[in-house]
Amino acid sequence: MKRTIFATVLASTLMASSAFAALLTTTPGDKVIEGVKVAKTGQVNIENQQIPVDLIGAGLRSKKVVIVNVKVYVAELMSSDASKFVRTDADALKSLDDSRTVAIRLTFLRGVDAATVQTSFKEALQANKINVADAAISQFLKAVDAGGDAANGKPLTIVAQKNADKTESVYYEDTNGKVTKVDGNEGFSRELMAIWLGTPSDSGVANLKAQLIKGL
């Protein structure tokens with residue numbers, strides 16, 4: 001009887017641990033950007049799936065405040081089909097259509113409040129003429145706000161997954177480890193990745209985009 005109870009408790013504990021596994025786990029490479037060890041490979045953990053991903057590129061996001069460039073976060077872009085990524089300014093974003101799974105991890109170098117993170121994403125979407133009132137985009141922005149402040153030294157992760165029925169799901173993991181899933185139509189993931197690979201909303205994003213495309 002005691003063994004049965006112990007086994008049940010153990011199984012429940014393991015299930016709980018699995019449920020709270022990080023959205024993206026990585027194996028670091030040799031490159032370091034602003035103290036952040038950049039991943040070489042990784043694994044996306046969603047819907048009882050473990051999907052291998054490889055690094056496309058990484059870089060620093062800075063933001064000009066008055067006359068000073070402030071370091072905001074280090075971004076790492078990964079894909080399940082990294083070899084299909086096209087390393088040109090014009091075609092990089094569109095080439096992500098050939099990736100089943102795309103992940104971007106932002107490791108913050110300073111604390112940033114939730115409203116500012118949301119505004120930054122919103123401005124980038126608007127710079128790409130994407131309707132922020134669209135149901136899926138609006139849900140994503142609400143998840144960013146609900147996720148709370150981005151903590152210094154912690155990662156914020158976004159995973160975009162293409163489904164068999166042509167829909168697309170985006171998973172948002174805030175710096176506290178809470179994951180929110182948002183479902184959208186075909187093209188949803190490309191719209192979100194335009195934040196980093198589309199028309200840059202400012203010079204800091206333009207520099208980051210160039211670094212992501214160039215790769216390491």
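Counting from 1, the numbers follow the sequence of the chain as shown. Side chains included, hydrogens not; waters and symmetry mates left out as well; all remaining heavy atoms used.
Counting non-hydrogen atoms of other residues, nucleotides and ligands closer than 6.0 Å to CG of D30 gives a total of 12 or fewer. For N152, the CG atom sits in a packed shell: over 12 heavy atoms of surrounding residues, nucleotides or ligands are nearer than 6.0 Å.
The nearest pair of heavy atoms linking G184 to A136 is CA-CB, 4.0 Å. Of all the heavy atoms in V38 and A58, the pair that sits closest is CG1-CB, 3.7 Å. Residues A124 and N128 approach most closely at O-ND2, 2.8 Å, considering heavy atoms. Summarising the geometry of V44 relative to A103, their closest heavy-atom pair is CG2-CB, 4.2 Å, with the distance given to 0.1 Å. When all heavy atoms are compared, the tightest approach of S189 to K162 is OG-NZ, 3.7 Å. Shown here for A82 and I56, the closest heavy-atom pair between the two residues is CB-CG1, 4.0 Å.
Side chain to side chain, S201 and E123 fail the donor-acceptor criterion of an N or O pair below 3.5 Å. In summary, the side chains of S79 and D81 do not present any donor paired with an acceptor at a separation below 3.5 Å, with no hydrogens or angles considered. For the 3.5 Å distance criterion, the side chains of Q161 and S169 fail to qualify, holding no donor opposite an acceptor. Counting only N and O atoms by type, the side chains of D183 and T167 include no donor and acceptor under 3.5 Å apart. No side-chain N or O of D91 forms a donor-acceptor pair with one of S95 less than 3.5 Å apart.
Rounded to the nearest 0.5 angstrom, I137 CD1 and L192 CG are separated by 4.5 Å. The structure places CG of L212 at 9.5 Å from CZ of R87, a figure rounded to the nearest 0.5 Å. Once rounded to the nearest 0.5 Å, the distance linking OG1 of T180 with CD1 of I158 reads 11.5 Å. The CG atom of N69 sits 10.0 Å away from the CZ atom of R61 when rounded to the nearest 0.5 Å. To the nearest 0.5 Å, atom CD of residue Q43 and atom CG of residue L23 are 11.0 Å apart. In this structure, the separation between CD on E47 and CG on N45 is 11.5 Å, given to the nearest 0.5 Å.
Residues L77 and L55 have side chains not in contact (no heavy-atom distance under 4.5 Å, counting atoms from C-beta outward). Looking only at side-chain heavy atoms (C-beta outward), K178 and E173 stay at 4.5 Å or farther from each other.
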- [ ] In sequence, state the C-alpha distance, the side-chain angles, and the governing distance for M78 and T26, and then conclude on side chain to side chain contact (heavy atoms under 4.5 Å, CB included).
- [x] CA-CA 10 Å; M78 309 188 79; T26 59; 4.1 Å; yes

TODO: In sequence, state the C-alpha distance, the side-chain angles, and the governing distance for I104 and M193, and then conclude on side chain to side chain contact (heavy atoms under 4.5 Å, CB included).
DONE: CA-CA 9 Å; I104 188 162; M193 289 302 156; 4.0 Å; yes

- [ ] Would you check, one step at a time, whether the test side chain to side chain contact (heavy atoms under 4.5 Å, CB included) holds for V132 with L141?
- [x] CA-CA 8 Å; V132 295; L141 291 173; 4.1 Å; yes

Task: Audit row: K64, D202, salt bridge (charged side-chain N to carboxylate O under 4.0 Å, His left out) steps and yes/no - done: CA-CA 9 Å; K64 193 167 186 178; D202 60 43; over 6 Å; no

Task: Stepwise side chain to side chain contact (heavy atoms under 4.5 Å, CB included) check, R100 with I51 - done: CA-CA 10 Å; R100 181 191 171 211; I51 305 165; 4.3 Å; yes

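Side-chain heavy atoms closer than 4.5 Å link hydrophobic residues (I, L, V, M, F, W, Y) into clusters, and following such links, even through other members, never connects V205 to L125. In the hydrophobic cluster analysis, where Ile, Leu, Val, Met, Phe, Trp and Tyr join through side-chain heavy atoms closer than 4.5 angstrom, L93 is grouped together with I213. A single hydrophobic cluster is not seen to contain both V32 and V36; linkage of ILVMFWY side chains at heavy-atom distances under 4.5 Å, directly or through other members, places them apart. Both I195 and V72 are members of a single hydrophobic cluster when ILVMFWY side chains are connected at heavy-atom separations under 4.5 Å. Taken together through direct or relayed side-chain contacts under 4.5 Å among Ile, Leu, Val, Met, Phe, Trp and Tyr, V170 and V179 form parts of separate hydrophobic clusters.
For residues 88-133, the set of pairs meeting the ring-ring contact (aromatic ring centres under 6.0 Å, His included) definition, not counting sequence neighbours, comprises Y73-F108, F121-W196. Residue pairs meeting the salt bridge (Lys or Arg N to Asp or Glu O under 4.0 Å) criterion with at least one member in residues 65-76, sequence neighbours excluded, are E34-K71, E76-R105. Annotation: salt bridge (Lys or Arg N to Asp or Glu O under 4.0 Å) contacts involving residues 204-216, sequence neighbours excluded, comprise D89-K209. Under the ring-ring contact (aromatic ring centres under 6.0 Å, His included) criterion, the residue pairs touching residues 127-160 are F140-Y172, with sequence neighbours excluded.
Put simply, the side chain of D113 gets close to the backbone of T116: a donor and an acceptor are under 3.5 Å apart. In this structure, E168 contributes its side chain and N163 its backbone to no donor-acceptor pair below 3.5 Å.
Residues meeting the ring-ring contact (aromatic ring centres under 6.0 Å, His included) test with Y171, sequence neighbours left out: none. Residues meeting the side-chain contact (heavy atoms from CB on, under 4.5 Å) test with K154, sequence neighbours left out: A151, T175.
Checked for salt-bridge contact, D97 and R190 meet the test: a charged N lies under 4.0 Å from a carboxylate O.
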